[in-house]
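Beneath this line is the structure, given in structure tokens, with notes to follow.
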Amino acid sequence: MSTDTATPAAASTADRPPSPAPARAPKRRSWLGLWFVLPFLAVYAVFMLWPMLLGLYYSFTDKSLTGRPVEWIGLANWAEAFGDPAAMDSLWNTARFTVLSTPPLVILGLAFALLAHRARRIGWFLRLSFFAPFVIPVSVVTMIWLWMYQPAGGLINHYLGEWGLGGDRLWAFQEDAMGSVVATTVWWTLGFNFLLYLAALQTIPAEVYEAADIDGANSLQKLWGITLPLLKRTTALVIVLQLIASLRIFDQYYLMAGGAANLATENVFIQYIYNSGFVGFRIGYASALSYILFVCIIVIALIQFRLLSRRED
Amino acid sequence: MPNPPSPPGALSRRALLTGTAAAAGIGLAGCDSITGGLSGGTTVKQWNLLAGSDGAIMTSMHEEFMAETGVNLRATTFTWGTPFYTKLVMGASGGNAADVATIHLSRLDSLSPSTLLDAIEVDELVDAGLNPEDFPTEIWDRCFSDDRLYAVPLDTHALVNYYNRTICEQAGVLNPDGTLLETHGVEEYFDLLRAVKDVTGEYGTSLDTNAGWRQFWAWYRQQDGEWIFHDDGFELDDDKALNAIDTMWRMADEGLCPRISDGGATAANFENGAGGLVQVGNWEITRFRAFNEAQGLDFSMAEMPDFFGNRRTQGDCHAFVLPRHNSWDDEVRAATVEYVSWMLRHSLEWGAGAGHTPAYLPVTESAEFQELEPNAEYSGVVDNVQFDPKVWFAGSAARLPDEVGQIFAGVYSGANDPETALAGIKDVAQTLVDLPNPID
């Protein structure tokens with residue numbers, strides 16, 4: 001964020017006569033803008049920058065939630081994190097979740113946007129239906145899906161059993177909860193990607209399609225030749241946002257498979273951070289783990305940014 | 001376009017707004033009169049973890065307390081176990097938690113009392129009508145940390161054995177007076193379970209296969225097993241541990257108990273007669289009584305059966321603590337101590353309703369309590385109760401019982417044979433020992 005923005009031309013007219021050439025507005029530094037961003041800046045500093053710096057500092061200490069005196073222990077937390085099999089397992093689980101959830105969320109988001117964009121009469125209904133789950137709070141979503149996943153009497157198992165597909169193995173709390181959580185997440189958060197794609201579709205000018213029609217292109221050719229290339233920027237954005245969101249998986253997993261009472265042995269990384277810090281009191285260690293995830297996310301986002309922006313050139 | 005006239009009978013916008021405002025006003029006025037009436041003085045905030053059926057008993061005691069003393073008690077119940085303790089620790093580390101909270105006494109040390117709890121002066125308690133002599137010595141001593149008093153015990157609760165009289169009578173395992181036959185040793189008890197299983201057609205006993213720690217600790221302690229933790233390791237008696245785990249394995253293998261059953265299913269198995277007995281905590285009594293009233297369930301309760309020569313059982317104490325405060329208001333502090341004292345002096349209700357054995361001796365020793373049924377039938381648990389090992393990762397809902405319990409769930413389900421399970425719990429214990437201690 002920089003505060004030395006050029007003063008808008010309109011503001012400069014207030015204290016001096018209108019300049020004949022507005023393009024050559026004086027590059028005078030003004031601190032006026034600062035006052036406008038100050039409220040945001042204050043909140044940002046107190047609740048974002050300061051905790052981040054403090055977290056970095058704590059990651060080099062044995063800071064405990066119990067409030068005992070803090071001691072500098074150098075890189076011990078970091079060394080422990082990289083040698084902690086449970087931490088690495090949970091990081092792997094987060095990676096698995098990301099790999100499993102990102103493709104369906106992006107592809108289905110696009111597919112549903114294409115559907116809703118095409119539909120004339122029931123377009124409003126499709127838009128509503130696809131986006132509606134996104135506004136439901138996570139606690140409600142997970143509760144509904146847990147009911148559906150229940151081994152005895154749950155909707156899914158009931159019909160799997162009825163159709164002779166063996167309705168006794170599908171159970172969110174059983175050994176591998178990942179598939180269940182991925183399915184729930186796709187249903188729940190699809191609407192956001194859908195909305196981004198839908199907005200992008202509406203910006204593609206109709207003339208392009210008309211021209212293609214005149215050239216005799218069929219609808220598949222139009223999709224490959226026009227729609228997808230013109231959605232490239234949106235796809236890049238959707239993938240970046242989706243990767244970041246998936247890497248930050250916690251809520252659904254914690255609510256569906258993470259509580260202590262149901263004996264889940266798996267963790268995702270943020271859950272492991274949460275357990276280390278708030279349940280296990282080790283704020284220092286949890287801070288180091290958080291920074292590891294932070295670096296992972298940044299690296300992945302940068303790589304992706306590089307790849308996609310190069311392709312665009 | 002002019003506004004269309006409102007259809008007859010429909011509310012006009014103005015009427016609706018006026019009405020809503022008036023209703024809100026009445027609502028607010030109503031709230032005001034309630035709080036005004038009760039908070040004749042002070043507000044005390046209480047946090048508890050009694051999300052089970054005993055929570056209903058505590059809530060009704062709170063109402064009596066408020067009506068009697070005029071103190072405005074604001075109680076909040078959190079999800080039992082880790083979520084509650086996490087909330088308590090985070091609140092206390094900020095100095096803005098509740099004024100008083102319930103904990104399991106076995107968790108006192110793991111809550112870092114010197115930094116997260118406020119010590120209680122014995123004089124304060126005496127002023128509020130409680131004396132140290134009014135508590136069993138061994139429980140009272142556990143309320144101290146570094147020679148300072150941090151907790152006031154409310155009760156003792158333990159794993160007990162409920163039995164369905166109708167089923168057990170058909171199975172021929174009742175005494176003439178309708179109490180459960182006393183058995184000695186694993187084999188005798190298994191014979192009893194077989195007889196009951198023949199009647200129910202499903203299980204002999206129902207138990208929570210997710211709470212294997214409780215059963216393990218009871219049966220391990222029945223053999224005088226000790227689990228002592230040091231800075232770099234621990235001492236566990238392999239043979240005795242294996243005996244206890246083998247009991248779980250065989251019980252599930254023969255179908256005398258379910259292979260997979262969580263807390264809710266365990267209680268339901270007993271209610272619907274799938275099991276003629278159920279081995280769970282005494283706190284489920286409220287639930288079974290309610291079921292009895294609704295659909296009929298003739299049950300009673302006995303102590304943990306003798307598996308290895310005695311009737312020791314796993315248990316714990318609920319206790320009140322004062323989370324750390326940045327500053328105490330004198331009036332609130334006095335009302336808080338008064339609340340603790342009131343709850344103890346009225347803990348007959350707690351014992352009668354929730355099945356717990358009150359820690360406050362004037363109540364426990366009263367003729368009224370001695371006559372309570374079925375409490376009298378399992379009154380021996382107070383002497384037989386075994387607390388969890390004393391180490392920062394042990395105690396109710398702590399990591400040791402949680403993680404060891406996951407392995408025992410595998411024993412019941414048939415996935416882990418006893419030797420694998422023993423190796424597994426030793427691995428878990430070693431991992432926990434190796435963790436840097438965040439408390440000292």
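Chain letters run A, B, ... following the sequence lines, proteins first and then strands; every chain starts at 1. What you are looking at is a predicted structure, and each value in this text was computed from that prediction instead of being measured.
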query: Are the side chain of Thr420(B) and the backbone N or O of Asn416(B) linked by a donor-acceptor pair below 3.5 Å?
result: no
task: Quick one: which of Leu435(B), Ile439(B), Thr79(B) has the most heavy-atom pairs under 4.5 Å with chain A, could you say?
output: Ile439(B)
message: As an exercise: rank Pro436(B), Ala398(B), Gly81(B) by heavy-atom pairs under 4.5 Å with chain A and give me the winner.
response: Pro436(B)
- prompt: By a 4.5 Å heavy-atom criterion (distance strictly below it), what part of Tyr274(A) contacts chain B: side chain, backbone, both, or neither?
  reply: side chain
- line: side chain to side chain donor-acceptor pair (under 3.5 Å) test vs Gln252(A) passes for just one of Thr189(A), Thr142(A), Thr185(A), namely Thr185(A)
query: How far apart are the C-alpha atoms of Thr431(B) and Asp434(B), what are their side-chain angles, what is the distance that settles it, and do they pass the side-chain hydrogen bond (donor to acceptor under 3.5 Å, both in side chains) test?
result: CA-CA 5 Å; Thr431(B) 310; Asp434(B) 291 340; 5.9 Å; no
- line: The reported gap from OH in Tyr150(B) to CD1 in Ile103(B) (rounded to nearest 0.5 angstrom) is 12.0 Å
- request: Answer with side chain, backbone, both or neither: which region of Ser110(B) has an atom nearer than 4.5 Å to a non-hydrogen atom of chain A?
  value: backbone
